[in-house]
Undergrad: 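Attaching a single structure in C-alpha cells format; questions to follow.
Protein chains get the first letters and strands the later ones, always in sequence-line order, with residue 1 at the start of each.
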Protein chains: 2
Amino acid sequence: MHLQQNNGQLKPCPVHEFALFAELGDAFSEALKAVDSDIIEYNAGETIYAAGVSAQHIYLLREGYVKLFKTTFSGKDQIIRVVKAGEIFGFDGLVDIRYNHSAVPLKRATVCRIAVDKLDALGARRPEVERLIMVRCIKELQHADERLLELGAKRSDERLASFLLAWCNTTSSASRWTPLVLSRLEIAQLLGLTIETVSRLFAQWKREGLVEERQQAIQIMDRNKMKQVADSQA
Amino acid sequence: MHLQQNNGQLKPCPVHEFALFAELGDAFSEALKAVDSDIIEYNAGETIYAAGVSAQHIYLLREGYVKLFKTTFSGKDQIIRVVKAGEIFGFDGLVDIRYNHSAVPLKRATVCRIAVDKLDALGARRPEVERLIMVRCIKELQHADERLLELGAKRSDERLASFLLAWCNTTSSASRWTPLVLSRLEIAQLLGLTIETVSRLFAQWKREGLVEERQQAIQIMDRNKMKQVADSQA
DNA sequence: CGCTCTCTTGAGTATCCTCAAGACAAGTGG
DNA sequence: CCACTTGTCTTGAGGATACTCAAGAGAGCG
C-alpha cells in the first residue's frame, strides 16, 4: 500500500456526483453527503489493495484503469478483470474479512473509496444502495461467466480476438484508434497465455493487415474478419 | 423446457422454510408466505432453462445438483458452476431480460422457483432480501474468480486435483466416500479439458493409489499429496 | 445376448509453452 | 551527443502438454 505518499491528494469525494449514486437520483443527496469517503490517486504499478489484506473499503474508479488479479502458489498472475472508469470494485469487504484478489492501476488512476461499515450504515437506511450493488454484482458475474467460457473452451487466437473486439468497443469508440493500456504481459495474464503467444498473434495479424498498432494504440482494420477469428474453432 | 411433464409435481413451495430465507428469521414468515412460488422436479438431462430464454424466475435448489453452462458458437459446452442443495441460481432475471447460460440437473433435482417480479415486490418491502441476494452474489463472484485463476493459470493435473479437493469437502464429508455426480465429460467441460485427459489422470492416480473409485463415488486416499499436486507447477 | 453409452487406452499430432537470442525504444549518465 | 542500461517486445527453434482420432473394454438395459 502506498497510501502515505498519496496523502497529499487525499480529499473528500463528492459521492453523490459519482455515477454509481447518480442513478439514485437527487432525493438522496442529503443521505449521501453524510457518507465519509475520499479520493485517492495512484500511479501505475502501485498497490491499491493486495490479496489477503483486511477489506475495509469499496472502491469506485473515477479515472484510469485498474487490474484485479490473483496469484498462484507458484507466483503466476491471472488477471480477473480490468476495471474501467465508472465501475465499482472491491466488493469483498461486504462479505469477507479480507480481499481475495489484488488491485493495481494500469496507469495513473483516481479512485473514490468508501468504508464498508459506512456503506452498510447507509444501506440500512437506504436499501436502494444495496440493490444497486446487487445489480452491479450480477453484471460482474455474467462477465466472469463469459470469461470462463473463453478460458475454458477457446484457443489462443479466439481469446485474443474476443478481447480486442470487446476492448475496442467499451473504450473510447470515438476515434478508430483505441488506446491499448495493457502490456503484452498483461494481455497474456488476462487471457491465460504467454507473452510470446500474444506477441506472435499480433505480429501475424499486423502482417495480414487485420490490425494496426502505433504507440500505445490499436485499430481493428477488419471487424468482421476479427469476429470470424473469435468464433472460428477451425 | 420440460415443464409440462412436471406439472403433476408442481406444488406450492414453503419459501420460509428454505435456507435462503431461514437466515432472515421468523419475523418474515408472514411476508414470505405471501410470495408465490412453486416446487418443480426435474430429471437428469432435462432443461430448467436455456441460454437466451426469457429470465422470469430465480431458483433455489432444494435437492440434487444442477450444472450451469455456456455453449460456444461451435457447440462446445463450458460448465460455469455446479449448484449444490441450498444454493440460488438464475440471478440473470434481476438484471437482464434473458438468461445468459443454461441450467440442467446432473441427476434428479427439486427446485423452488420464485417469479422475479414477485421477488422484486418483496424486496421493495423487505430490503433484507436484496441484501441476502447481494451477499450470495458476491460469494459467487469470488468463486468465479478462483475458477478463472485455475482455467487461466493451471495445468490439467492441478485443475483436476483442485476440483477433487473442493468436491470432497463441500459434499457429504460424513463418509470418506464421496459420490461423484459428474461424468468424465462433465468434469472435462468444467475444467476446460477433454474427456480423455481427465480419464488418463484418474487412471494414473488410481494406479498410484492417490484416489479410489467405486460405482459413482470417489475417495482421496492421500489428501496432502493431492494438495501438492494441486499447487505443484512442477 | 446384443445394444448403447461411457470410459479407457494407445498412437500421432497440434497448439502452446519454454528457452534463448536479438531488436527496439526510452531513459541515464558520462 | 553518444555509449550504456533497462525494459518491453519480437522471433526462432525445440519440446511438453493436452488434443484428436481410433479402437477396444466395461457396465447397464431391453
Undergrad: What verdict does the salt bridge (charged side-chain N to carboxylate O under 4.0 Å, His left out) test give for A:K206 and A:E213, after you've listed the backbone C-alpha separation in whole Å, the side-chain angles of each residue and the deciding distance to 0.1 Å?
TA: CA-CA 8 Å; A:K206 280 192 247 179; A:E213 193 177 24; 2.8 Å; yes
Undergrad: Could you give the CG-to-C1' distance, from B:L185 to C:dC5, as a whole number of Å?
TA: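 So the two atoms are 12 Å apart, to the nearest Å.
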Undergrad: Nearest whole angstrom, please: distance from the P of D:dT8 to the CD of A:E186.
TA: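 It works out to 9 Å between those atoms.
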Undergrad: Rounded to the Å, how far apart are A:R184 CZ and C:dC17 P?
TA: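 Whole-Å distance recorded here is 15 Å.
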Undergrad: Any donor-acceptor pair under 3.5 Å linking the side chain of A:Q204 with the backbone of A:L201?
TA: no
Undergrad: With distance as the sole test, does B:D222 use its side chain to make a donor-acceptor pair with the main-chain N or O of B:K225 at under 3.5 Å?
TA: yes
Undergrad: Can you identify which nucleotide, out of D:dT10, D:dC19, D:dT17, has its nearest atom closest to the B:L193 side chain?
TA: D:dC19
Undergrad: Is the side chain of A:R81 donor-acceptor paired with the backbone N or O of A:E140 at a distance under 3.5 Å, no angle test?
TA: no
Undergrad: Using whole Å, what does the distance between atom P of nucleotide C:dC7 and atom CZ of B:R214 come to?
TA: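 Taking CZ of B:R214 and P of C:dC7, I get 18 Å after rounding.
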Undergrad: For A:L106 and D:dT8, what is the distance between atoms CG and P respectively, to the nearest whole Å?
TA: 14 Å
Undergrad: Measure the distance from NZ on A:K76 to P on C:dC16 and round it to the nearest whole Å.
TA: 14 Å
Undergrad: Can a donor-acceptor pair be found, under 3.5 Å and without considering hydrogens, that links the side chain of A:R159 to the backbone of A:K154?
TA: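 It does hold such a pair.
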Undergrad: Scan side-chain atoms only and decide if A:Y49 and A:H57 contain a donor-acceptor pair under the 3.5 Å cut-off.
TA: no
Undergrad: Is any side-chain nitrogen or oxygen of B:S156 closer than 4.0 Å to OP1 or OP2 of D:dA18?
TA: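 Result: yes.
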Undergrad: Mind calculating the distance between CD (A:E213) and P (D:dT8) to the nearest angstrom?
TA: 15 Å
Undergrad: Using whole Å, report how far CG of B:L160 lies from P of C:dC7.
TA: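 Checked: the CG to P distance equals 13 Å.
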Undergrad: Using a heavy-atom distance cut-off of less than 4.0 Å, which residues of residues 194-210 of chain A contact DNA chain C?
TA: A:T194, A:E196, A:T197, A:R200
